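The next block holds one structure in the form of structure tokens; read it before the comments.
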Amino acid sequence: MSEIHKLTAKDLDEFYHLYLYAFNNQDSEERRAFFNDRYEHSKVYGLLNGDKLSSGMLSIPFKVNFHGVKYKMNGIGDVMSYPEFGGHGAITSLMRQAFADMRSDDVALSYLAPFSYEFYRRFGYEEVFDRAVYKIKNTDLPRVKLSEERGQFLRLPLEEAISLIDEVYENNAQSRNGVLRREDWWWHYLGLKHPRWQVGVYLEDGQNASGYVIYEAAGNTFKIQEIMYTNQLSYQYLQRFICQHESMFEEFEYASGDPKGFPDVMANLYVVNVKIMPYMMARIINLQKFVDTYPFIQKVKSLRLGVKDELIPQNNGIWRLKVNVNGTSFEKISENERNLADIHLDIQNLTKVFMGYRQLIHLKQVGKITGNIESIQNLGLALQSESPMLWDYF
């Protein structure tokens with residue numbers, strides 16, 4: 001009989017060996033360092049078959065910034081089983097336990113990186129984050145002119161750059177659409193996991209960073225992991241720094257957390273290849289908590305939402321929503337989601353529209369939701385519509 005256990009430091013070695021086997025990874029001092037750090041900061045679940053660990057999963061507590069609202073979010077990672085124990089509902093059992101614990105901890109959201117979108121849709125997750133991947137040959141890089149020369153530019157290993165760049169990341173306009181609020185331990189973890197990452201930092205006043213680029217050398221490719229800038233001058237300095245590597249690399253690549261492609265920054269648009277790629281998934285864990293503090297952008301006339309959530313029954317039902325000058329009113333008026341409502345939708349599509357990934361009217365047109373047009377337009381105009389962004393992976 002299999003039992004779910006919350007694992008502790010004494011279980012680390014057994015969990016680590018399951019991780020190595022399940023993902024066909026090789027042991028190394030470097031891998032062990034970042035794995036131990038992630039394990040230490042996670043809620044760790046294991047399913048035992050007798051006295052042997054057969055399946056496991058991490059639930060990593062984070063906070064995210066969603067248009068100024070700070071939500072608790074748990075990232076799911078290292079979902080795994082030994083092959084001989086697969087196919088018996090182990091992952092479903094682990095997910096249910098993790099969801100229950102998240103609700104007890106007042107967690108509103110959960111993110112994960114799927115090996116299969118279809119598989120994780122069974123657990124209420126849906127595609128919410130995309131990436132724009134840019135590729136350009138070194139011979140096609142633009143010539144960058146600075147509007148003025150001022151300040152200082154540094155090149156540092158990530159670990160040494162953190163104290164300079166963390167505020168640029170935290171306060172950036174691109175760090176408000178559902179991104180992680182990086183705590184000190186997570187910055188340190190990124191350094192452990194990616195020891196080859198370098199950082200170019202622009203100090204406009206010679207002391208405080210106003211822009212940075214995280215990158216690494218990958219063979220003949222200059223791979224950019226992240227770019228954050230605060231003004232035109234910092235943008236120019238970062239561009240120039242990247243282009244100064246043209247003689248060292250044949251190709252330049254950037255996978256941006258902003259899913260909108262911007263090929264128009266080039267004089268000749270055909271020289272840059274831009275692909276929009278699916279990235280990570282999300283799901284609402286506590287619908288009440290998520291909507292109560294949601295940053296609506298205008299009033300919502302009273303309407304009823306019929307929400308279906310097969311894994312978290314507390315989210316199921318008919319909810320009455322109203323937003324006015326007195327704030328947000330969101331209350332469950334029926335446990336049966338099939339009762340009369342102005343809009344009917346499941347938790348996946350509700351997550352997509354409330355996080356700004358898709359518009360309600362679009363989901364109505366493609367048959368993903370049902371409801372009357374007036375209510376759909378009423379609610380749709382009040383929801384955040386900027387594309388969600390995510391720069392991290394777990």
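Because the structure is a prediction, the values reported are computed rather than measured.
- Residues Arg283 and Asp309 are paired through a salt bridge, judged by an N-O separation under 4.0 Å between the basic side chain and the carboxylate.
- Looking at every heavy atom in both residues, Trp186 comes nearest to Asp392 through NE1-OD1, 3.0 Å.
- A donor-acceptor pair is defined here as one N or O able to donate and one able to accept, closer than 3.5 Å; no such pair exists between the side chain of Asn172 and the backbone of Thr230.
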Test side-chain hydrogen bond (donor to acceptor under 3.5 Å, both in side chains) on Gln384 and Tyr294; report intermediate values, then the result.
CA-CA 9 Å; Gln384 297 289 339; Tyr294 184 86; 5.6 Å; no
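- Between the side chains of Asn208 and Glu204, no donor-acceptor pair of N or O atoms lies under 3.5 Å.
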As a quick check of understanding, evaluate side-chain hydrogen bond (donor to acceptor under 3.5 Å, both in side chains) for Asp78 and Tyr39, giving each step before the final call.
CA-CA 10 Å; Asp78 294 349; Tyr39 186 97; over 6 Å; no
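- For the residue pair Asn231/Ser234, the side-chain donor-acceptor check at 3.5 Å is satisfied.
- Between Arg320 and Glu331, at least one side-chain nitrogen of the basic residue sits less than 4.0 Å from a carboxylate oxygen of the acidic one, meeting the salt-bridge criterion.
- Neither side chain, Tyr125 nor Thr351, offers a donor N or O lying under 3.5 Å from an acceptor on the other.
- Using modelled atom types and a 3.5 Å distance limit, the side chains of Tyr16 and Asn36 yield no donor-acceptor pair.
- For CZ of Phe119, the number of neighbouring non-hydrogen atoms (other residues, nucleotides, ligands) closer than 6.0 Å is greater than 12.
- Note on Glu183 versus Arg181: no salt bridge recorded, every NZ/NE/NH1/NH2 to OD/OE distance being 4.0 Å or above.
- Geometrically, Lys52 does not engage Phe85 in a cation-pi contact, judged by NZ or CZ lying under 6.0 Å from the ring centre and within 45° of the ring axis.
- Arg38 and Tyr189 are linked by a side-chain donor-acceptor pair at a separation below 3.5 angstrom, with hydrogens and angles left out of the test.
- For the pair Arg143 and Glu246, the salt-bridge criterion is met [side-chain N within less than 4.0 Å of a carboxylate O].
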Working note: Gln236 + Ser147, criterion side-chain hydrogen bond (donor to acceptor under 3.5 Å, both in side chains); need CA distance, chi angles, decisive distance, verdict.
CA-CA 8 Å; Gln236 291 173 348; Ser147 54; 3.0 Å; yes
Between Tyr215 and Tyr254, does the ring pair (Phe, Tyr, Trp, His ring centres under 6.0 Å) criterion hold? Intermediate values first, please.
CA-CA 9 Å; Tyr215 65 95; Tyr254 175 37; over 10 Å; no
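- Taken together through direct or relayed side-chain contacts under 4.5 Å among Ile, Leu, Val, Met, Phe, Trp and Tyr, Ile318 and Ile376 form parts of separate hydrophobic clusters.
- Between the side chain of Asn138 and the main chain of Ser247, no donor-acceptor pair closer than 3.5 Å is present.
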